[in-house]
Structure formats: C-alpha cells, structure tokens
2 protein chains.
Amino acid sequence: MEDYNDKQLSIISVAERLFAEKGFHGTSVRDIAQEADVNIAMISYYFGSKDKLLEAVFRHRMNASRIFINELVENNTMAPLEKIYSLIDRFINKMLNEQNFQCIMSREQLNKEQSPVRDLIWQLKSEMLGLMRPIVTNAQDAGIFMMDVDVEMLMTTLFGTIHQIIPAQHLLRTNTDYAHLNDQEFKEYLRLRLSNHLKKLFKAILTHEF
Amino acid sequence: MEDYNDKQLSIISVAERLFAEKGFHGTSVRDIAQEADVNIAMISYYFGSKDKLLEAVFRHRMNASRIFINELVENNTMAPLEKIYSLIDRFINKMLNEQNFQCIMSREQLNKEQSPVRDLIWQLKSEMLGLMRPIVTNAQDAGIFMMDVDVEMLMTTLFGTIHQIIPAQHLLRTNTDYAHLNDQEFKEYLRLRLSNHLKKLFKAILTHEF
DNA sequence: GTTTAAATTAAACGTTTGTTTAACTTTGCT
DNA sequence: AGCAAAGTTAAACAAACGTTTAATTTAAAC
C-alpha cells in the first residue's frame with residue numbers, strides 16, 4: 001500500500017521540504033514538480049491531488065512513528081524513569097531527524113476544520129498519551145512516582161518544548177556564541193541541551209528528586 | 001501612527017480570525033472583505049497589501065504586549081519566584097485572551113524566509129528573554145534560585161507549553177470528561193490547570209522545592 | 001455653495017492556482 | 001512482433017488570486 005517508486009518518493013520528499021518552508025498553501029504544485037524534476041501532471045497522476053499529497057507525506061512519516069512507539073512498549077526491564085528518559089530522547093531524535101515533517105505538523109495541528117491530516121495528528125497524540133499514561137500510573141502504584149502528576153500537561157510540555165525548539169534554533173544560535181559550530185555539531189549540542197533540560201524537568205516533577 | 005478607524009479595526013479583527021483559522025495563504029482578501037463587510041479594494045487602500053495587513057495585525061497586538069512587559073519590570077517589591085509566577089500567569093492570560101493572534105504567531109514563527117513579521121516575533125522573544133534572565137540571575141546571586149538553570153530552555157518550555165495548549169484544547173476537552181463545561185468555564189478550568197502545572201514546574205527547577 | 005480631498009464602489013487587470021486533457025512514449029507480457 | 005497497460009508530456013482548462021483602475025459618493029474646509 002505504501003510502496004512508492006523513486007519518482008513518488010522524490011515528490012514526497014520535495015513536498016515535505018517545501019510545505020515545511022513555505023506552508024501548504026504557500027507551496028504550489030508547480031514548485032514541487034520543478035524541484036522534484038517531474039512533470040506537473042505526475043502529482044495528480046500519482047497522488048490524486050495536492051491535499052492527498054500532503055496526506056501521503058503524513059502517512060509516510062507516521063508509519064515510522066508507530067514502530068518507534070511499539071519498541072518501547074515491549075521493553076519491560078527498564079525502570080519507569082529510564083523509560084521516560086528513553087521516551088524523551090526518542091522524541092528529541094525524531095524531531096531533530098524530521099524537522100521538516102515536525103514543522104508541517106506544528107502548522108497543521110492548528111487548523112480548526114476537520115481534515116484527514118488533522119485526524120492523523122489527533123490519533124498520533126492519543127497514542128502517545130496512551131503510551132505515557134500507563135508508565136506513570138504503574139510507577140505511581142509502585143510508589144516510585146509522585147501522585148500529583150498531571151500527565152496530559154506533562155505531555156503538552158514535552159510536545160511543546162520540543163516543537164518550540166524548531167523556530168527557536170536561529171535565536172539560540174545567534175544569541176549565544178555557538179555560531180562557530182557547523183550544522184551537525186550544533187544539532188548534537190542542541191540534542192544534549194534539550195535532553196538534559198527535559199530529563200531534569202521530568203525527574204523533578206515525577207520523583208521530587210534532582 | 002496606529003489610530004485606526006472602525007472600518008480598519010474591523011478588517012484587522014476579521015483578518016486575525018481568518019488567518020488563525022485557515023492560515024495566511026489559506027485566507028483570501030475576498031474572504032476578509034466579505035466577512036468584514038467592506039469592499040475588497042478597501043484593504044489595499046488602507047493597508048497597501050495583504051502582507052502589510054498581516055503586519056498591521058501583528059503591530060496592533062504587539063503594542064499591548066510591550067505594555068504588559070514594562071509593568072512587571074517596574075515592580076520591585078515582589079519576591080523572585082512571585083515575579084516568575086506573575087510572568088507565567090500573564091503569559092497564560094495573554095494566550096487565552098488572544099488565541100487567534102497566538103495561533104498566527106505559532107504559524108508565522110515557522111517561516112524560514114526573513115520577513116517583517118518574523119523579525120517582530122524574533123524581537124518579541126528577545127525582549128521576553130531579556131526580561132526573564134535578569135530576574136533569574138539576580139535571584140541566583142542572592143542565593144534564592146539554583147545555579148544550574150537553563151533560562152533559554154525554560155523560556156522555550158514556557159512558550160512551547162502555552163502555545164501547545166491551543167491545538168491541544170480539543171483533545172483535552174473530549175478526552176477528559178469536561179464536555180459539560182461551557183466555553184468560559186472551560187477556559188477558566190484550563191487557565192488554572194496550566195497555571196498550576198507551570199508554576200510547580202518552574203518552582204521545582206528554580207528552587208529545588210515543591 | 002463651491003472646491004478639494006478622502007472614502008467607496010463595481011469592474012477589470014494580469015497572474016497564478018490546482019487539475020485535466022489528449023497525444024505520445026515506454027514498459028512488460030504473450 | 002503485437003498489444004495493452006502504465007508512464008510521461010506539453011498544453012489547455014476554468015477558477016481564484018492579489019491588486020489596480022476609473023468613476024462615483026461622501027465629508028470637510030473655505
């Protein structure tokens with residue numbers, strides 16, 4: 001169902017980048033066709049419409065997401081806090097590796113009208129909450145985590161902080177004196193700083209320890 | 001410079017709402033003109049262009065922002081943590097009262113190309129950081145706040161969490177059993193929940209206490 | 001009351017939009 | 001080789017886009 005050929009994958013890849021840079025409505029199918037080096041008609045031919053192309057971009061990335069979720073559910077040897085740490089790091093890595101897609105998600109989740117894409121985002125968030133909540137409640141029952149934890153708000157903070165990093169990157173890079181780092185180095189530095197921040201934050205809230 | 005007449009204010013108000021709902025490129029000047037009940041040509045006549053109208057929407061809201069900042073700088077009788085609490089509550093209120101504008105900001109801050117609007121957002125964030133940092137460092141020097149505080153990341157968490165609430169509202173309202181509340185009641189409930197969450201979080205990070 | 005500027009309008013401007021068409025080429029199968 | 005399906009193309013499609021024009025009305029000043 002999702003076995004795309006090279007040309008289709010090229011279109012999806014270019015669309016993802018352009019949608020991230022200029023928004024869905026800010027990107028024309030001609031832009032996409034030109035940068036992907038295909039005829040305009042091929043986009044309708046393969047995907048049906050511009051909207052369906054956006055949906056394809058989403059489904060393409062979200063399949064990888066689902067695998068990422070299930071990996072953690074299986075592992076039952078880790079301590080609750082380690083599981084949370086793992087979740088945080090996986091989220092951070094996902095964001096840093098798929099910045100364009102996450103950028104589109106940040107935009108599209110703001111749309112008020114219902115759409116297939118909005119439903120996919122909603123579904124993804126519900127799954128994440130369904131994964132995080134049992135980890136916390138189980139640890140609470142075991143007396144490891146505190147009882148006064150607002151899991152939904154904690155999720156919101158996790159999502160929000162990580163998503164907010166995308167537009168904050170330029171500010172961080174120019175405001176602090178890390179202009180000498182190249183892109184890869186800055187990415188690593190950002191990963192570590194974000195990870196430390198969020199882990200410290202979650203540990204404090206969940207365990208009242210530092 | 002910013003004394004708009006009723007018709008201009010109506011256009012700005014409608015534009016803010018539609019830009020928030022459907023995005024800048026997703027909204028046509030004809031949509032705005034129709035809902036504001038003015039002729040299409042009036043938008044160019046008053047604001048010059050669609051881009052300039054977006055800029056006007058921003059400047060209109062950001063003047064109120066600046067006042068909000070200065071109020072807190074003046075007050076020097078509050079304890080550092082109380083100042084932070086006040087900052088948090090003001091941010092939350094601002095977001096809840098200007099959801100449409102904050103929604104536009106969330107979208108526009110993702111644009112990669114430089115633009116007057118992007119510069120305004122950048123400037124606003126810098127001002128916020130410039131306000132929060134001295135509060136923290138002064139409290140650190142006085143031995144009230146911990147030394148290992150990442151202020152930029154804390155700002156990112158504050159912005160991110162509050163902004164993330166906008167798209168998360170529907171999920172919160174349907175997922176939990178607060179469907180019986182009306183809009184105003186739900187807004188108050190949300191304000192309290194957000195406030196408690198962020199204050200607990202900031203207190204923990206800044207003071208290592210609960 | 002006349003004059004001058006501002007406000008307002010319907011219509012038209014030239015582009016650009018997403019999508020489709022119809023002709024043509026390539027591919028794979030028998 | 002012959003045929004059918006899939007792939008590919010340039011061109012055209014109507015609709016919508018942001019903006020401008022030119023004519024008309026309203027308002028203010030003298």
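Within every chain, numbering begins at 1; the chains are lettered A, B, ... in the order of the sequence lines, protein sequences first and strands thereafter. What you are looking at is a predicted structure, and each value in this text was computed from that prediction instead of being measured.
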Test item: side-chain donor near acceptor, A:T157 and B:T161, under 3.5 Å | yes

How is B:Y46 classified with respect to the nucleic acid when contacts are heavy atoms under 4.0 Å: base, sugar-phosphate, or nothing?
-> sugar-phosphate

Between atom CG in B:N5 and atom P in C:dA7, what is the gap in whole Å?
-> 7 Å

Take the protein atom CG of A:L18 and the nucleotide atom P of C:dG18, then report the distance between them rounded to whole Å.
-> 12 Å

Roughly, in whole Å, what's the span from CE in B:M42 to P in D:dT20?
-> 15 Å

In whole Å, what is the span from the CD1 atom of A:I43 to the P atom of D:dG7?
-> 16 Å

Looking only at side chains, do B:S86 and B:D89 share a donor and an acceptor under 3.5 Å apart?
-> no

Does the ring center of A:F19 lie less than 6.0 Å from the ring center of A:F101?
-> no

In terms of the angle between their ring planes, are B:F186 and B:Y189 parallel, tilted or perpendicular, with boundaries placed at 30° and 60°?
-> tilted

Atom NZ of B:K7 to atom P of C:dA7: distance rounded to whole Å?
-> 10 Å

For D:dC17, take OP1 and OP2 only and decide whether either is under 4.0 Å from a side-chain N or O of B:S28.
-> yes

In whole angstroms, how far is the C1' atom of C:dT26 from the CG atom of A:N39?
-> 15 Å

Would you classify A:I40 as touching base, sugar-phosphate or nothing, given that sugar-phosphate means primed atoms plus P, OP1 and OP2, and contacts are heavy atoms under 4.0 Å?
-> base

B:Q34 CD to C:dA10 P, in whole Å, measures 13 Å

5'-most contact on DNA chain C (nearest-nucleotide basis), B:R30 vs A:K50, goes to B:R30

Please give, in whole Å, the distance from D:dT9 C1' to A:Y45 OH?
-> 12 Å

